[in-house]
Undergrad: 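To start, I am sharing the structure in question, which I have written as structure tokens.
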There are 2 protein chains.
Amino acid sequence: MFRGNHPARVDEKGRLKVPAEFKRVVDEKYSGAQYYITSLDGKRAQIYPFEEWQRIEEKLARLSTFNPTKKKFLDRTNYYGQVVEMDNQARLLVPSLLREAAQLKGEVAVVGMLTYLEVRNLEAYRKEIEENAFTAEDEATLDGLGI
Amino acid sequence: MFRGNHPARVDEKGRLKVPAEFKRVVDEKYSGAQYYITSLDGKRAQIYPFEEWQRIEEKLARLSTFNPTKKKFLDRTNYYGQVVEMDNQARLLVPSLLREAAQLKGEVAVVGMLTYLEVRNLEAYRKEIEENAFTAEDEATLDGLGI
DNA sequence: CCACTTTCAACCACTTTGTCCCACATCCTA
DNA sequence: TAGGATGTGGGACAAAGTGGTTGAAAGTGG
């Protein structure tokens, strides 16, 4: 499982170094070196080990082609998405459309979301945390879920 | 399977360069170098490896000649449709009717839809994504479906 | 049915891009 | 402080992408 926040850099060529900690998880948990990198909101990249992405595809496949939410989801993930491979230095190429939309150059945060990773612009992430406090309402919701 | 978005260009002659990644999939998964290129909505081109298109044809053939949806479907796909071949540079000619209707010149997005490809005007696609954000409501819908 | 025109597919050659790999820098641990 | 692990940069070369020319075929009109 991917957990926590590890700073990393996206270099001039658009390559993201996957922090060693996450690399280790990948090596022991997933077979291939393939990833699906995409974004739903255009503000953060999502990196799925390919097997995890396929799991999502399978669930989607059960929905009708004409389900509007599915269409919207696919339109968006397809726009930013690409299958990528890791090089020997544990780097992977972030598609340029996504790099621009989510402002992923230089310092970024690579965040573990249990089954996938997220890559975010550090500044934007910090701001969101500051301006978007966890409310009593949110706590109540978690409480309701027994967490 | 075709996945993700690989930007490409349609040149002055109306030739679309199929991105290398998709070319690779075609080479290993499909026998012929033939494609059926068409469009249902006139806003985006669909490119089917010929074998995939035949699969659709067979399903259609089973329907009555008088099935109104079948007629409509064929009317539309026939309007834009053509069988095309790839040249040695992995390019294929987009029929001019379709090029004009879907504004396919210059920068386009070639998008993998698993069994076929879609070609869209990049600018129009970008706008659609930007103006059509994924809402909390949409997320709730997916959540409800267990995705 | 022939001759002229136009179109288009195939090929060639050049340019650009991206991938892979090497080597160095930095950090952390022992 | 030494040595391994992690992270960074950049260059070389192969792959991908582009544009243009030519010859054959299809289309058109007389």
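Just so we're on the same page: letters track the sequence lines, and every chain starts at 1.
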Undergrad: Roughly, in whole Å, what's the span from CD in E85(A) to C1' in dT19(C)?
TA: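 Result: 11 Å.
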Undergrad: F22(B) CZ to dA16(D) P: how many Å, rounded?
TA: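 Atom CZ in F22(B) sits about 14 Å away from atom P in dA16(D).
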Undergrad: Does the side chain of N88(B) get closer than 4.0 angstrom to OP1 or OP2 of dA10(C) through an N or O atom?
TA: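 It does not, given that no N or O in the side chain of N88(B) lies less than 4.0 Å from OP1 or OP2 of dA10(C).
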Undergrad: Quick check, are the ring centers of Y48(A) and Y116(A) under 6.0 angstrom apart?
TA: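 Under 6.0 Å, so yes.
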Undergrad: Rounding to a whole Å, what distance do you find between E21(A):CD and dG7(D):P?
TA: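 For the pair E21(A) CD and dG7(D) P, the rounded distance is 10 Å.
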Undergrad: Figure out the CG/C1' separation between L93(A) and dT17(C), and round it to whole Å.
TA: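 Rounding to the nearest Å, CG of L93(A) and C1' of dT17(C) are 11 Å apart.
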Undergrad: Write out a two-atom table: protein N or O, nucleotide N or O from nucleotides 19-22 of chain D, distance below 3.5 Å.
TA:
{"residue": "dG19(D)", "atom": "N7", "partner": "R91(B)", "partner atom": "NH1", "Å": "3.0"}
{"residue": "dG19(D)", "atom": "O6", "partner": "R91(B)", "partner atom": "NH2", "Å": "3.0"}
{"residue": "dG20(D)", "atom": "O6", "partner": "R15(B)", "partner atom": "NH1", "Å": "2.8"}
{"residue": "dT21(D)", "atom": "O4", "partner": "K13(B)", "partner atom": "NZ", "Å": "2.4"}

Undergrad: Round to the nearest Å and state the distance from H6(A) atom NE2 to dC27(C) atom C1'.
TA: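 After rounding, the reported distance stands at 15 Å.
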Undergrad: Do the charged groups of E130(A) and K127(A) touch, with an N to O distance under 4.0 Å?
TA: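 No, this pair does not count.
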Undergrad: Salt bridge between D27(B) and K23(B), side-chain N to carboxylate O under 4.0 Å?
TA: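 Yes.
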Undergrad: Between K23(A) (NZ) and dT8(D) (P), how many Å, whole number?
TA: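 It works out to 15 Å between those atoms.
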Undergrad: Rounded to the nearest Å, what distance is computed from the NZ atom of residue K17(B) to the P atom of nucleotide dT15(C)?
TA: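 Going from K17(B) (NZ) to dT15(C) (P), I get 18 Å.
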Undergrad: Would you say the side-chain atoms of Q46(B) and Y80(B) include a donor-acceptor pair closer than 3.5 Å?
TA: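 Side-chain D/A pair, Q46(B) to Y80(B): absent.
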Undergrad: Suppose we define a pair by two distances each less than 3.5 Å, Watson-Crick or G-U wobble; what does dG30(D) pair with here?
TA: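 Partner of dG30(D): dC1(C).
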Undergrad: Considering the options I147(B), L145(B), D138(B), which one meets the side-chain contact (heavy atoms from CB on, under 4.5 Å) requirement together with T69(A)?
TA: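 Between T69(A) and the candidates, side-chain contact (heavy atoms from CB on, under 4.5 Å) is satisfied uniquely by D138(B).
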Undergrad: Compute both the distance and the angle, then confirm whether R120(B) meets the cation-pi test with Y125(B): under 6.0 Å from the six-membered ring centre, within 45 degrees of the axis.
TA: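 Relative to the ring axis of Y125(B), which defines the angle, R120(B) lies inside both limits.
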Undergrad: Rounded to whole Å, how long is the line connecting atom CG of D87(A) with atom C1' of dG10(D)?
TA: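 So the two atoms are 13 Å apart, to the nearest Å.
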